[in-house]
Amino acid sequence: MRKFLLAAATAALLATPATQAQDGPEWALVVHGGAGVIERGAMTPETEAAYRASMQAALDRGEAVLSAGGRALDAIEAVIQEMEDDPLYNAGRGAVFTAAGTNELDASIMDGATLNAGAVAGVTQVRHPITLARAVMEESRHVMLQGEGAETFASEQELEMVPGSYFFTERRWAALERSLGRLGLEIPPRPEGAPDPEPVDHGMLDRDAREHRFGTVGVVALDSDGNIAAGTSTGGTTAKRWGRVGDSPIIGAGTYANNESCGVSATGTGEYFIRLTIASRICALVEFEGLSLQEASDQVIIEELTELGGDGGIVALAPDGQIAWSFNTPGMYRAKANSEGLNVVGIYGDED
Ligand code: ASP
């Protein structure tokens, strides 16, 4: 009898990897590019096509890393770097302006295998804040650095530094002027080195204002070793003041990853996401309450966030390859892919 039990246990052990491989995709990836009042007909066909192409490019970039057996962390960094370079998003180049006319960038990354994490807040000269967040995680004894100190660390790590004007876009500057006008605050001089003023598309500005688009970027990835990682990068909110920091660089609020439960990246009104510790809360509901990833995401976003008065959304991924997204805004730029051929890009609320 004992012999039989041992044999059965050995067989079960041997069967585990194969069963797991059959159960879920080898790798999976989910990306967001911000949430907001993004409605059909409110965007020009050209702008909509540009966002869709960019989200598809983000998926392709992540797939290239993951399908070659690369690490989830490498996929996160590669995809977010590309999005930080794309002026469509409020991250890296294209970031929104503070009331003082500067760009203060926040980012974070987390490794679900080790629970190591890195974050930066209020950096102004680092081309890829996500890479700096990763350097904080891997090359320092700390989890979070901010402002000048973070920048000194970036130089010591020989990361690419750029002048403040690198982040300048006319669209975000015009949005700042509008916001400051509404708040009755003085408009600062154009940043040193910014290009000469160009005519702006007032239709787009009207849409930006009305649509209240956030534009933060975030990625969650599962690699073929079964590890989950998550990352988020943002310029924060237009006309922010006094060194305001949102949820994006706060581990547990804007970003979280844990191989035992899930990975999450968020976008929206950061103050509410901090108060609800949105990202770690979703994973805790999965781990301790046994909710599915989609149920946990909807409970936190559709019910709790809405009840508190916040808006925005999340993308999430579980170790078995389940993917979820949830948002209480009319739309969210989002995309997902996996090793089984899934490849979806969405913008409006009524898409899959
Ligand atoms: N959550 C970001 C913040 O509050 C903004 C965004 O998602 O666009 O800084």
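Values reported hereafter were calculated over all heavy atoms of this structure, with side chains retained and with hydrogens, waters and symmetry mates removed. Counting convention: from 1, in listed order, for ligands and their atoms alike.
In terms of N/O distances under 3.5 Å, ligand 1 is not approached by G236. Considering backbone and side-chain atoms alike, T237 places every N or O at 3.5 Å or more from each N or O of ligand 1.
Within the set V217, V96, T216, the minimum heavy-atom distance to atom 6 (C) of ligand 1 is found for T216.
The only member of E287, E303, E289, E304 that meets salt bridge (Lys or Arg N to Asp or Glu O under 4.0 Å) when paired with R281 is E304.
Side-chain contact, D60 with Q56: a donor N or O sits under 3.5 Å from an acceptor N or O.
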Under 3.5 Å, which donor-acceptor pairs do the side chains of residues 100-110 form with other protein atoms, sequence neighbours left out?
residue	atom	partner	partner atom	Å
T102	OG1	T98	OG1	2.7
N103	ND2	A95	O	3.2
N103	ND2	V96	O	3.1
D106	OD1	G122	N	2.9
S108	OG	S248	O	2.7
S108	OG	T255	OG1	2.8

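Partners of E48 by salt bridge (Lys or Arg N to Asp or Glu O under 4.0 Å), not counting sequence neighbours, listed by chain and number: R52.
At a heavy-atom cutoff of 4.0 Å, ligand 1 is contacted by the side chain of R244 but not by its backbone.
Looking at T234, its side chain does come within 3.5 Å of a backbone N or O of G236 through a donor-acceptor pair.
Note: Y333 and Y51 have parallel aromatic rings, judged against thresholds of 30 and 60 degrees for the angle between ring planes.
Below 4.0 Å from some heavy atom of S248 lie the following atoms of ligand 1, by number and element: 1 (N), 2 (C). Each of the following atoms of ligand 1 lies closer than 4.0 Å to a heavy atom of D247: 1 (N), 2 (C), 3 (C), 4 (O). Close contacts between ligand 1 and G268 involve ligand atoms 1 (N), 2 (C), 3 (C), 4 (O), 5 (C), 6 (C), 7 (O) [criterion: under 4.0 Å to a heavy atom]. Close contacts between ligand 1 and T267 involve ligand atoms 6 (C), 7 (O), 8 (O) [criterion: under 4.0 Å to a heavy atom].
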